[in-house]
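Below is one structure, written out as structure tokens; the observations come after it.
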Amino acid sequence: QVQLVESGGGLVQAGGSLRLSCAASGRTFTSYAMGWFRQAPGKEREFVAAISWNGGWVYYADSVKGRATISRDNAKDTVYLQMNSLKPEDTAVYYCAAKYYIGSNYYPSPDEYDYWGQGTQVTVSS
């Protein structure tokens, strides 16, 4: 089992920034690719960003490309999502997820991930 706990969400004005964190525990963190997803009310969960087990490969949804940076600190078992130039349409619950995988492939589907955090709310006011 892997436990994931997100933090860093909150209320921010449009154009502002937030850094989300996801602390992992329970299994070897470096055995997992990590992803960030988000879900707005009435919408399906959607891919935001992903990072490979060693941080060597990163992937972003078109909607956040250029505004988001995913990173991980394997010494701290933590993955981060830095979001800049936030827009009201970024408002959602943000979830981190772990996939047991060591490689460079790209997995944008929530169904591919093995463990999920409880989510952290991000609200962007206009």
Side-chain angles (χ1 to χ4, degrees):
Q1 285 277 19
V2 174
Q3 292 78 42
L4 302 172
V5 179
E6 301 97 335
S7 60
L11 174 64
V12 63
Q13 288 189 332
S17 299
L18 280 177
R19 189 175 84 151
L20 307 181
S21 300
C22 173
S25 62
R27 291 285 178 93
T28 304
F29 186 59
T30 50
S31 296
Y32 292 84
M34 300 297 295
W36 284 97
F37 292 78
R38 65 187 182 186
Q39 189 166 18
K43 295 188 176 182
E44 292 187 352
R45 193 166 297 191
E46 65 172 3
F47 171 77
V48 176
I51 188 167
S52 63
W53 67 279
N54 63 351
W57 296 273
V58 295
Y59 306 95
Y60 299 96
D62 287 344
S63 58
V64 302
K65 201 171 290 183
R67 301 188 296 120
T69 303
I70 188 171
S71 61
R72 66 190 292 163
D73 185 338
N74 286 343
K76 296 182 178 179
D77 291 353
T78 302
V79 62
Y80 304 97
L81 181 69
Q82 175 72 40
M83 292 283 292
N84 300 322
S85 302
L86 283 159
K87 306 174 181 180
E89 51 264 44
D90 293 318
T91 295
V93 177
Y94 283 70
Y95 298 90
C96 74
K99 175 177 175 60
Y100 183 68
Y101 173 70
I102 297 177
S104 61
N105 286 348
Y106 162 53
Y107 293 98
S109 170
D111 296 338
E112 298 282 357
Y113 288 78
D114 303 305
Y115 301 101
W116 291 84
Q118 82 290 348
T120 186
Q121 176 71 47
V122 172
T123 303
V124 183
S125 63
S126 56

Using the rule given for side chain to side chain contact (heavy atoms under 4.5 Å, CB included), can you reason through Ser52 versus Ser104, listing the C-alpha separation, both sets of side-chain angles and the distance that settles it, and then say yes or no? CA-CA 6 Å; Ser52 63; Ser104 61; 5.7 Å; no
Going by ring-ring contact (aromatic ring centres under 6.0 Å, His included), Tyr101 matches just one of Tyr107, Tyr32, Trp57. Which one? Tyr107
Which heavy atom of Phe47 sits nearest to which heavy atom of Pro108, and what is that distance? CB-O, 3.3 Å
Report, as yes or no, whether the 6.0 Å neighbourhood of atom OH on Tyr106 holds more than 12 heavy atoms from other residues, nucleotides or ligands. yes
Tyr113 side chain to Ala33 main-chain N or O, any donor-acceptor pair under 3.5 Å? no
Quick check: closest heavy atoms across Gly119 and Glu6, and the distance to 0.1 Å? N-OE1, 2.9 Å
Hey, is the main chain of Phe29 close enough, under 3.5 Å, to the side chain of Arg72 for a donor-acceptor pair? yes
For residues Val93 and Val64: do they belong to one hydrophobic cluster (side chain heavy atoms under 4.5 Å, members Ile, Leu, Val, Met, Phe, Trp, Tyr)? no
Output the distance between atom CG (Asn54) and atom CD1 (Ile102), rounded to the nearest 0.5 Å. 9.0 Å
If you take all heavy atoms of Ala92 and Ala40, which pair is closest and at what distance? CB-N, 3.8 Å
Hydrophobic cluster membership, with links at side-chain heavy-atom distances under 4.5 Å among I/L/V/M/F/W/Y: are Ile51 and Val2 in one? yes
Test item: Trp36 and Val79 side chains (from C-beta on) under 4.5 Å apart, heavy atoms: yes
What is the distance from atom CG of Asp77 to atom CD of Gln3, rounded to the nearest 0.5 Å? 11.5 Å
Minimum-distance pair of heavy atoms, taken over all atoms of Val5 and Gln118: CA-OE1, 3.8 Å
Are Trp116 and Arg45 packed together at the side-chain level, in the sense that at least one heavy-atom pair is separated by less than 4.5 angstrom? yes
Co-membership, hydrophobic cluster, residues Tyr115 and Phe37, 4.5 Å side-chain: no
Could you walk me through whether Tyr100 and Arg27 satisfy the side chain to side chain contact (heavy atoms under 4.5 Å, CB included) test, starting with their C-alpha distance in whole Å, then the side-chain angles of each, then the deciding distance to 0.1 Å, before giving a yes or no? CA-CA 10 Å; Tyr100 183 68; Arg27 291 285 178 93; over 6 Å; no
What about Leu18 and Tyr95, same hydrophobic cluster or not, with Ile/Leu/Val/Met/Phe/Trp/Tyr joined at side-chain heavy-atom distances under 4.5 Å? no
Starting at CE of Met34, measure out to OG of Ser71 and round the result to the nearest 0.5 Å. 11.5 Å
Taken to the nearest 0.5 Å, the spacing of Asp90 CG from Thr123 OG1 works out to 11.0 Å
Heavy-atom count around Arg67 CZ within 6.0 Å, excluding the residue itself: above 12? yes
Of all the heavy-atom pairs spanning Ala49 and Leu81, show the shortest one and how long it is. CB-CD1, 4.1 Å
In the structure I gave you, are the side-chain heavy atoms of Arg38 and Ser63 within less than 4.5 Å of one another anywhere? yes
Counting distance only, does the side-chain N/O of Asn74 pair as donor-acceptor with the main-chain N or O of Trp53 below 3.5 Å? yes
Using a 4.5 Å cut-off on heavy atoms from C-beta on, say whether the side chain of Thr91 contacts that of Gln121. yes
Once you round to the nearest 0.5 Å, how far does CE of Met83 lie from CZ of Arg19? 14.5 Å
For the student: nearest non-hydrogen atoms of Thr120 and Leu20, plus distance: CG2-CD2, 4.1 Å
So, do Asp73 and Tyr80 sit near enough that their side-chain heavy atoms are less than 4.5 Å apart? yes
Sidechain N-carboxylate O distance under 4.0 Å for Asp62, Lys65: yes
